[in-house]
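All chains are named by letter (A, B, ...) in the order of the sequence lines, taking the proteins before the strands, and each is independently numbered beginning at 1.
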Protein chains: 2
Amino acid sequence: MVTIYDIARVAGVSAMTVSRVINDTGRISEATRKRVRQVMEELQYVPNSNARSLVLQKTNILSLLIADIANPFYTTLARGAEDAAKRLGYRLLFGNSDEDYGKEKDYVDMILSTRVDGVLFAPAGDGSAPHLRLLEQHRIPYVLLDRDVPGIQADRILGESRDGARRLVEHLIGLGHERIALVNGSEDVSTARERHAGYRDALKLNDLPYDETLVRHLDYSDGFNPSDLDPLLALSSPPTAIFAANNFLALGVIQSLRERGLAVPDDLSVVCFDDLGFASILSPFLTVAAQPAYQFGALGLERLVDRIENGDGSGPRTLILPAELIVRSSSRKRER
Amino acid sequence: MVTIYDIARVAGVSAMTVSRVINDTGRISEATRKRVRQVMEELQYVPNSNARSLVLQKTNILSLLIADIANPFYTTLARGAEDAAKRLGYRLLFGNSDEDYGKEKDYVDMILSTRVDGVLFAPAGDGSAPHLRLLEQHRIPYVLLDRDVPGIQADRILGESRDGARRLVEHLIGLGHERIALVNGSEDVSTARERHAGYRDALKLNDLPYDETLVRHLDYSDGFNPSDLDPLLALSSPPTAIFAANNFLALGVIQSLRERGLAVPDDLSVVCFDDLGFASILSPFLTVAAQPAYQFGALGLERLVDRIENGDGSGPRTLILPAELIVRSSSRKRER
DNA sequence: CTGTTAGCGCCTTCAG
DNA sequence: CTGAAGGCGCTAACAG
């Protein structure tokens, strides 16, 4: 491996001078600068960022921890984070917690030992709190993405879950639906709670009763189980519409309905939170509350870098990004 | 930051002993081991992997460079790579070249200065050759994924592009189609050339003429341009079926046809290479040659780690992963 | 079983 | 404008 000493020797200067040329610090005569540059070129010198990080106590690496890399919401978010990181001169170390606290903990340990400069953290859920405290103890700045964690004070980029859910459900109500089911994930996650609340808001605003039997909380960590829908469909007065609280649940719902010979939207309307990437382009089908996923990543990363480079003058800041209601063909007027 | 010296002092031993406890090397008495462990716990010690990398000349970081993070093929591949990396004790540094040689070069520079132990490289195209040579000059092992690069000797995990394409086109021929268009990307990419060849194979095997006017090469680096299809549709004898050489092109083709009021498969059949992730679940529509994307990542990473840890005893090895023809509703019998 | 010495590649500090 | 010395946190090699 070629080091600054190699190029110093060849260029007939000291290593320090080479270092100065590399970092553009101190005053160097144009002649030696040029000579050093040339030798670096010839020897194909590449700085060793480990050595540099060790002395500077700064790695220029940020970590992005997401919950599901198969989900277009998170991949779009990752794209936004990655573009911003590149623009701001940071590299991105990437982790996928798979909605699993155990895996998440493993990544946090990696993050600590890598000495990354900061973390973009899309937490698995409320149980992520200890992991965040670990980061705090080690003075690693982080920004929470998409999901809030109770008891944690930190910068965060959140979506309009409650209001977006309310609008989706009011859209269904406007189509004449009165028996609307909510298929939700675990309420261990802030967005699930918020969307549940938005669902209730919509019912209340329209003088519809809240019926617990229409609400399902599913643990879909190892896939969606079609039979989870049975209690809803077996109701004496079954729903005419389903609000799936995220895109993954919507996929499960639609597949399950299909298996049971039920057509969307002919037999039931279905709407969901989050758009579906490629799927929505190929067949613009699902009515959704779409979130600006790219912005979650890009703005989150910018905030993080700001925090790292300019300190925490202002205390935790929260940014709420709007959700957009996109009406497509999976929802339609209720047959009377 | 707490270092091994801190814990050595508190535990009343030397730093070396602490190091031995951490790495489970050398013989240490159970008593001191226990004491050291406890102090590490109390002080919340986390090893500094930079310092360790510096002396060991090994980072335990691998880099994954993909061409498009929005594409389900690559995200599924990334998932496979990530799972395997975790299993084998490596971290993954992540990069997205966006099919752009300039961005790719930037990432290669980053990779060099990070001193990663190896690279999983899905090249943008033939023009990636200089970047690969750079890796070679710096003795960084890499495995090529999905795309081959002429003149490069390296381990690679490739798909069955030629034969998969042949089967897709023969499927169309079996449905009675004789005027079959190929919508391809730049032939600067090996998979594009292979799929083109497979297309010709199918025609020849079935005694159909190869008609250049039915073949389009599109540069879709800044999105798919609907008017690119016009030359095909304006033909005096237009195609009754289109083979899109990848999933992204298929999206463009289908959107463009839709804009022009043409229905799939009623007016034209469409088939493509690569599956579409969420989209195929939501609406099982496109007939595709699906590749085992997860395996590309997982097997590629395993090969890479094998190379890193066991040297290159055997010379470059190539693994060909099969493509599976999945017939869905976007292709149907030609109307006579 | 445990400690000492030296050095990984680079940069900060202080002298020239 | 340039150089010498020392240290970032850790471990290999050698002593004891």
Taking all non-hydrogen atoms of both residues into account, name the closest pair between B:Leu93 and A:Leu92 and its distance.
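Of all heavy-atom pairs spanning B:Leu93 and A:Leu92, the closest is CD1-O, 3.3 Å.
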
Strictly by modelled atom types, are [X] and [Y] linked by a side-chain donor-acceptor pair under 3.5 Å?
X	Y	value
A:Thr25	A:Asn23	no
B:Ser49	A:Arg115	no
A:Asp83	A:Tyr294	yes
A:Asp188	A:Tyr101	yes
B:Asp117	B:Thr59	yes

Taking only side-chain nitrogens and oxygens of [X], does any of them come within less than 4.0 Å of OP1 or OP2 of [N]?
X	N	answer
B:Thr17	C:dC1	no
B:Gln57	C:dG9	yes
A:Thr25	C:dC11	no
A:Thr3	C:dG9	no
B:Ser19	D:dT11	yes

Where the side chain of B:Ala51 is defined as all heavy atoms beyond and including C-beta, which of D:dC10, D:dT2, C:dT2 is the nearest nucleotide?
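Given the options D:dC10, D:dT2, C:dT2, the side chain of B:Ala51 is closest to D:dC10.
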
Proximity to the side chain of A:Met16 - top-ranked nucleotide from C:dC1, D:dA4, D:dT2
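My answer, after comparing the listed nucleotides, is D:dA4.
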
Between the side chain of A:Glu104 and the main-chain N/O of A:Glu99, is any donor-acceptor distance below 3.5 Å?
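Between the backbone of A:Glu99 and the side chain of A:Glu104 there is no qualifying donor-acceptor contact (under 3.5 Å).
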
Does [X] reach a base, just sugar-phosphate, or nothing at all? Heavy atoms under 4.0 Å.
X	value
B:Asn23	sugar-phosphate
A:Arg27	base
B:Ile4	base
A:Ile28	sugar-phosphate
B:Leu56	sugar-phosphate

Which residues in residues 31-49 of chain A have at least one heavy atom lying under 4.0 Å from any atom of DNA chain C?
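A:Tyr45, A:Pro47, A:Asn48, in order of number.
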
Please state how far atom [atom1] in [X] lies from atom [atom2] in [N], giving the value in whole angstrom units.
X	N	atom1	atom2	result
A:Arg115	D:dC8	CZ	C1'	12 Å
B:Met1	D:dC10	CE	C1'	12 Å
A:Arg52	D:dG9	CZ	P	18 Å
A:Asn50	D:dT11	CG	C1'	15 Å
A:Tyr5	C:dC11	OH	P	10 Å
B:Lys58	D:dT11	NZ	C1'	16 Å
A:Leu54	C:dT12	CG	C1'	13 Å

Nearest-0.5 Å distance, CG of residue A:Asp109 to CG of residue A:Leu134
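The distance works out to 7.0 Å.
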
Hey, is the side chain of A:Arg20 pairing donor to acceptor with the base of D:dG3 inside 3.5 Å?
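In this structure, the two groups form a donor-acceptor pair.
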
